[in-house]
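Take a look at the structure below.
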Amino acid sequence: MMKQKKQLILMLAALAVSASAYVAVSIYTDKDTGYNAEVSNTEETKLISIEANSVRELELSGEDGAIKMLSDGDGWSYEGNEDFPVMKDAVNELLSSMHSAKLKPVEENCKDFGKYGLEDPTVYVAVSTEDGDSERIDFGQKAGTGSGYYCRKSGSNTVYLADDDVYSKVSARLLDYISTSSSSKIEDPEAMTIERADGSVFSMTKPEDPEEYTYTDYYSWFTETDGTYKPLDESSSEKLAATVLNTDWGDKTAYGADQEALDKYGLSRPYIRAEISGDDESAALIIGSKNEVQGGYYAYIEGSDMIYTISAKYVEMLENASYESLKPKDICRMQWESVTAMEISAEGSTHRVDITKNGDGGASSDDAGTEAEDDNTNTEAETGDDSNSSKAGQYLYTENGKELSSSDMKNFKHIIDVMIPTGTADLGKSSGNVLMKIVFYRNTENFSEIALTIYSYDDKSVRISFNGEDDMLVSSAAADTLSELYNNLFD
């Protein structure tokens with residue numbers, strides 16, 4: 001019996017502790033005001049009860065002071081400037097989120113709004129309908145718990161707690177509701193010119209007939225160097241053009257690019273001016289001074305009203321744009337269907353390989369099934385089937401009428417395809433010893449005969465001369481593989 005009484009006492013004690021904990025949880029404690037309120041028994045209420053699609057006037061007071069936006073039932077405009085590019089979706093999303101947001105009651109019949117920062121509030125949201133219904137919510141200081149802000153509905157003596165995200169939307173800048181327009185409508189760019197504050201200029205262009213200036217149709221962007229058009233790396237050139245065509249804007253800084261604003265952000269005397277032309281239009285990205293606080297640079301599209309920031313990485317791309325930084329990242333982009341013969345010289349002998357289609361078959365399968373490891377070394381090539389080719393539609397390789405190994409020739413061509421520069425040679429240190437020379441004979445009007453020459457350089461690299469470039473370094477493993485295939489073909 002005594003044991004049962006002890007168990008009962010322990011159970012009652014545990015129940016008392018649980019009840020105390022429940023009461024403690026249901027009491028709201030504020031460190032700043034010292035006020036305690038039993039909030040568990042009071043229902044939450046909506047921030048704004050008016051339906052979002054019924055609102056015709058929206059007034060926000062926050063970082064930029066009071067701003068008012070008006071709706072015609074379809075879109076939104078900024079009062080005082082109908083041309084202001086208000087983002088309809090952003091405003092509608094704000095209204096929807098306010099309609100669905102819930103407020104937690106903190107104190108009913110409050111007598112001292114000052115302790116909540118609500119005596120003379122500067123942050124508020126007000127909405128009204130076409131029928132004259134209206135609501136206003138004032139926001140005060142941040143809650144002492146560190147989460148949420150105190151607020152009060154107009155005409156009410158109840159203090160509520162609003163979530164942080166609600167407060168941030170209400171106190172947002174006017175710029176947060178401005179539409180970010182695309183940089184340019186140019187779909188087919190033809191030329192780009194970059195002018196820098198130091199007086200340097202870089203230009204690149206897309207000629208109408210690229211094959212007039214190089215041996216392949218792979219390249220579309222060129223730059224003029226010493227009176228000669230030289231191809232540029234396709235991917236790098238497209239990324240450079242995209243800085244103007246599809247600018248990746250950072251923060252919105254100001255609306256209204258008047259002279260005062262241009263002077264303030266260093267845009268009247270730009271650090272960089274990058275202009276793209278095409279489709280009978282042009283667009284210029286103007287980059288001004290550096291944003292010393294947040295990083296990046298101030299920028300805008302010439303003739304527009306919005307000033308943004310732009311990441312320093314894009315500015316660096318425009319700063320460093322040159323032929324050296326944009327030159328092709330490959331050695332040879334040969335269009336093999338145009339090659340009718342190859343003259344290969346190595347180890348003191350020269351062999352001419354004639355290339356023809358075998359029969360009247362369709363597209364060649366010559367390049368199918370050939371693999372080479374591409375980790376800047378090109379050390380291995382899989383030769384697959386070593387037999388000669390006799391299938392219709394495949395390339396036939398012959399020397400003086402004798403058929404050569406199709407698989408070895410495919411791998412020989414593949415190694416040429418995947419060679420990439422590993423550095424730039426010091427021509428003063430190059431021995432000039434020719435390891436291999438390959439002359440391509442082509443059925444084209446321009447560049448019908450073009451040579452690729454491999455020179456010895458050092459233990460790790462060989463030097464390549466091709467298409468007007470004499471200082472390209474390539475892993476010596478690539479030259480070793482070509483030499484091995486050469487021996488397979490002609491020994």
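Owing to the predicted nature of the structure, the values given are computational and were not obtained by experimental measurement.
- With rounding to the nearest 0.5 angstrom, the CG atom of Asn246 is 10.5 Å from the CD atom of Glu238.
- Counted within 6.0 Å of CD on Glu337, heavy atoms from surrounding residues, nucleotides or ligands total more than 12; the atom is thus considered enclosed.
- Under 3.5 Å, the side chains of Gln335 and Tyr218 contain no donor-acceptor pair of N or O atoms.
- For the atom pair Arg352 CZ and Thr398 OG1, the distance stands at 9.5 Å (nearest 0.5 Å).
- Taking the ring centre of Phe447 as origin, the terminal cationic atom of Arg442 falls outside the region bounded by 6.0 Å and 45° from the ring axis.
- Taking the centre and axis of the six-membered ring of Tyr395, the NZ or CZ atom of Lys357 falls inside the cone set by 45° and 6.0 Å.
- Applying the salt bridge (charged side-chain N to carboxylate O under 4.0 Å, His left out) test to residues at least two apart or on different chains, the pairs with a partner in residues 300-324 are Arg273-Glu302, Glu324-Lys327.
- Shown here is Lys329, whose NZ atom has more than 12 heavy atoms of other residues, nucleotides or ligands within 6.0 Å.
- Counting heavy-atom neighbours within 6.0 Å of Glu281 CD, excluding the residue itself, gives a total above 12.
- Using a cut-off of 4.0 Å between Lys/Arg side-chain N and Asp/Glu carboxylate O, Asp176 and Lys169 are scored as not salt-bridged.
- Both tests pass for Arg463 against the ring of Tyr455: distance under 6.0 Å to the centre and angle within 45° of the axis.
- Residues Glu234 and Trp221 have side chains in contact (heavy-atom distance under 4.5 Å, counting atoms from C-beta outward).
- Under the 30°/60° scheme for interplanar angles, the aromatic rings of Tyr149 and Tyr167 are found to lie parallel.
- Going from atom CZ of Phe202 over to atom CE of Met192 covers 8.5 Å, rounded to the nearest 0.5 Å.
- Applying the 6.0 Å contact sphere to CG of Asp280 captures no more than 12 heavy atoms from other residues, nucleotides or ligands.
- Between Glu79 and Arg56 no salt bridge is recorded (no basic side-chain N to carboxylate O distance below 4.0 Å).
- In this structure the side chain of Met342 never reaches within 4.5 angstrom of the side chain of Tyr397, judged on heavy atoms.
- Pairs passing the ring-ring contact (aromatic ring centres under 6.0 Å, His included) check and including a residue from residues 65-94, sequence neighbours excluded, read Tyr78-Phe84, Phe84-Tyr255.
- Residue Tyr297 holds its OH atom at 8.0 Å from CD of Glu292, rounded to the nearest 0.5 Å.
- The NZ atom of Lys230 lies 11.0 Å from the OG1 atom of Thr214; values are rounded to the nearest 0.5 Å.
- Here the straight-line distance linking atom OG of Ser456 with atom CE of Met436 works out to 13.0 Å at 0.5 Å rounding.
- For NZ of Lys206, the number of neighbouring non-hydrogen atoms (other residues, nucleotides, ligands) closer than 6.0 Å is greater than 12.
- At a cut-off of 3.5 Å, with distance as the only test, a side-chain donor of Ser268 or Asp263 sits close to an acceptor on the other residue.
- For the residue pair Tyr314 and Asp248, a side-chain donor N or O sits within less than 3.5 Å of a side-chain acceptor on the partner.
- Using a 4.5 Å heavy-atom threshold, the side chains of Leu94 and Tyr177 count as touching.
- Side-chain contact between Tyr215 and Ser338: absent, with no pair of heavy atoms (C-beta onward) separated by less than 4.5 Å.
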